[in-house]
Amino acid sequence: MEKLYPRWKEATNELIEQLEKRNVKLNNLKTLEIFGRKGDWQTTIFYKKVKMLEVWEINQEYEIDLKKNLPNATIKIQDSIDVLEKYHDLPKFDLILIDNPMNIFGSVNEKTKNKGYCEHFDTMKNIQKLIKSEAIIIFNVNRKPFDYNNNPSWKLRRNEFYKIENTENMSIKFLLNFYKEFFQQLGFQIEFCFNIIRVLYKNQDMTHYFAYKIKKIVN
């Protein structure tokens with residue numbers, strides 16, 4: 001694993017710098033972190049900058065750490081994807097951080113055809129439920145996974161989501177355009193977007209933060 005170089009702290013600070021250059025006032029933003037885990041990575045940095053923070057995390061075991069690391073945040077132990085799927089009258093946020101895991105996670109059952117959850121894919125399809133008129137969305141994108149051939153189900157889900165036959169080495173240009181079109185199909189226009197390298201593997205950029213400011217199109 002010495003070939004894997006996470007740079008989440010540097011990347012988070014670069015994210016904040018880029019947002020501030022675009023005149024984003026973080027101290028005015030009502031913020032949600034999805035997949036909060038212990039709240040001891042990127043969340044702690046944003047926590048000090050934003051107006052208020054709410055964190056969603058499915059694992060009850062992380063609740064104590066979340067409350068310790070983020071003492072003034074609202075902590076909700078719940079299945080974020082299930083909540084987004086089932087409910088419509090949800091709170092609205094100005095900044096949404098999706099610190100999604102890689103690969104497939106959650107319950108997988110071939111008999112019931114439950115394919116589990118994958119990356120941010122299941123979250124993103126209902127993201128509009130969390131937005132009143134505009135918001136900044138920041139999420140993880142793995143453009144070049146390693147050990148990919150040992151995970152055929154993951155590969156299939158990625159191919160289906162990105163609508164291409166090979167997701168082993170996707171270009172940043174392709175990904176930026178893909179998410180522009182994705183948000184537009186949900187009824188948003190793009191005010192700005194950019195990416196920041198989050199993880200290097202064998203000296204190559206693998207995982208990126210992608211940031212989009214989106215605004216609902218009014219007919």
Side-chain angles (χ1 to χ4, degrees), residues 5-59 61-81 83-84 90-102 105 119-120 123-124 126-142 175-176 179 183 188 190-200 205-215:
Y5 174 53
R7 56 184 309 276
W8 64 266
K9 185 178 291 185
E10 302 98 309
T12 302
N13 285 318
E14 289 168 19
L15 270 174
I16 290 170
E17 181 182 350
Q18 288 299 320
L19 291 171
E20 291 175 340
K21 281 184 178 179
R22 290 166 171 82
N23 296 316
V24 174
K25 308 299 182 185
L26 290 166
N27 61 351
N28 291 333
L29 301 186
K30 184 179 178 182
T31 303
L32 172 67
E33 167 86 54
I34 299 176
F35 307 125
R37 205 170 180 273
K38 296 181 180 180
D40 55 350
W41 286 12
Q42 65 175 26
T43 321
T44 57
I45 299 175
F46 274 103
Y47 174 65
K48 297 173 183 177
K49 293 277 188 176
V50 299
K51 180 179 180 180
M52 64 79 65
L53 176 68
E54 183 167 311
V55 180
W56 295 0
E57 167 56 45
I58 192 171
N59 194 334
E61 294 178 3
Y62 294 143
E63 185 173 11
I64 293 174
D65 286 319
L66 280 166
K67 290 180 177 179
K68 178 181 177 181
N69 293 325
L70 311 166
N72 294 315
T74 299
I75 308 300
K76 294 184 179 179
I77 304 300
Q78 60 188 17
D79 184 330
S80 306
I81 297 170
V83 167
L84 282 169
L90 295 170
K92 305 298 187 282
F93 299 91
D94 308 303
L95 173 61
I96 301 170
L97 308 171
I98 308 174
D99 193 12
N100 53 274
M102 295 299 127
F105 57 98
E119 300 189 34
H120 54 271
T123 309
M124 202 75 85
N126 290 307
I127 202 70
Q128 70 276 10
K129 294 182 179 181
L130 298 171
I131 302 169
K132 184 176 181 180
S133 59
E134 62 181 55
I136 297 167
I137 317 295
I138 299 174
F139 51 98
N140 301 335
V141 177
N142 193 334
L175 288 165
L176 285 169
Y179 287 103
F183 288 123
F188 295 95
I190 313 303
E191 297 209 346
F192 65 70
C193 63
F194 61 89
N195 63 289
I196 301 287
I197 298 171
R198 174 169 173 163
V199 179
L200 296 166
D205 60 299
M206 182 183 75
T207 305
H208 289 243
Y209 284 122
F210 273 58
Y212 282 77
K213 184 176 182 183
I214 59 177
K215 186 174 183 178

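Here, residue 1 is the first one in the sequence, and each next residue gets the next number.
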Could you check F46 against L53 for side chain to side chain contact (heavy atoms under 4.5 Å, CB included), going step by step and ending with a plain yes or no?
CA-CA 9 Å; F46 274 103; L53 176 68; 6.0 Å; no
Residue pair Y47, T31: steps toward the side chain to side chain contact (heavy atoms under 4.5 Å, CB included) verdict
CA-CA 9 Å; Y47 174 65; T31 303; over 6 Å; no
Test side-chain hydrogen bond (donor to acceptor under 3.5 Å, both in side chains) on Y209 and E14; report intermediate values, then the result.
CA-CA 10 Å; Y209 284 122; E14 289 168 19; over 6 Å; no
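Between V141 and N195, the closest side-chain pair of non-hydrogen atoms is not below 4.5 Å. With contacts defined as side-chain heavy-atom distances shorter than 4.5 Å, the pair I137/I214 qualifies. Residues T123 and W56 fail the side-chain proximity criterion, which asks for heavy atoms closer than 4.5 Å. Residues H208 and I197 meet the side-chain proximity criterion, which asks for heavy atoms closer than 4.5 Å. You'll find the side chain of R37 stays beyond 4.5 Å of the side chain of N69, heavy atoms only. Taking 4.5 Å as the limit, some side-chain heavy atom of L15 sits within range of a side-chain heavy atom of F194. A heavy-atom distance below 4.5 Å is found between the side chains of F105 and I81. Within the 4.5 Å cutoff, the side chain of L84 has heavy atoms near those of the L130 side chain.
When all heavy atoms of L29 and L95 are compared, the pair lying nearest together is CD1-CB, 4.0 Å. Heavy-atom minimum distance, E119 versus N142: OE1-N, 4.3 Å. Between P6 and V199, the closest heavy-atom pair is CA-CG2, 4.2 Å. Closest non-hydrogen pair, K67 versus I75, comes out as CG-CG1, 4.0 Å. The shortest heavy-atom contact between M102 and N100 is CE-ND2, 3.4 Å. Summarising the geometry of F35 relative to E57, their closest heavy-atom pair is C-OE1, 3.8 Å, with the distance given to 0.1 Å.
Residue L90 places its CG atom among more than 12 non-hydrogen atoms of other residues, nucleotides or ligands, all under 6.0 Å distant. The neighbour count for W41 CH2, taken as heavy atoms of other residues, nucleotides or ligands under 6.0 Å away, does not exceed 12. Around atom NZ of K129, more than 12 heavy atoms belonging to other residues, nucleotides or ligands sit under 6.0 Å away. Atom NZ of K92 has more than 12 heavy atoms from other residues, nucleotides or ligands within 6.0 Å. Environment of CD in E61: sparse, with no more than 12 heavy atoms of neighbouring residues, nucleotides or ligands closer than 6.0 Å.
Summarising the geometry, atom CG belonging to L66 is positioned 12.0 Å from atom OG1 belonging to T74; distances are rounded to the nearest 0.5 Å. Distance check: L32 CG to I127 CD1 gives 7.5 Å after rounding to the nearest 0.5 Å. Taking CD1 from I34 and NZ from K76, the interatomic distance works out to 11.5 Å, rounded to the nearest 0.5 Å. The line from CE of M206 to CG of L200 is 8.5 Å long, rounded to the nearest 0.5 Å. Annotation: the span from K49 atom NZ to T44 atom OG1 amounts to 12.5 Å, rounded to 0.5 Å. Annotation: the span from L19 atom CG to K21 atom NZ amounts to 11.5 Å, rounded to 0.5 Å.
Using cut-offs of 30° and 60° for the angle between ring planes, the H120 and F139 rings count as tilted.
Electrostatic pairing of R198 and D99 counts as a salt bridge here, judged by a charged N lying under 4.0 Å from a carboxylate O. Ion pairing of R22 with E191 is absent here, as no side-chain N (NZ or NE/NH1/NH2) approaches a carboxylate O to less than 4.0 Å.
Distance alone, capped at 3.5 Å, is enough to place a donor-acceptor pair between the D94 side chain and the K30 backbone. For the pair Y179 (side chain) and A211 (backbone), a donor-acceptor distance under 3.5 Å is absent.
For the pair K38 and Y62, the cation-pi test (distance below 6.0 Å, angle within 45°) is failed.
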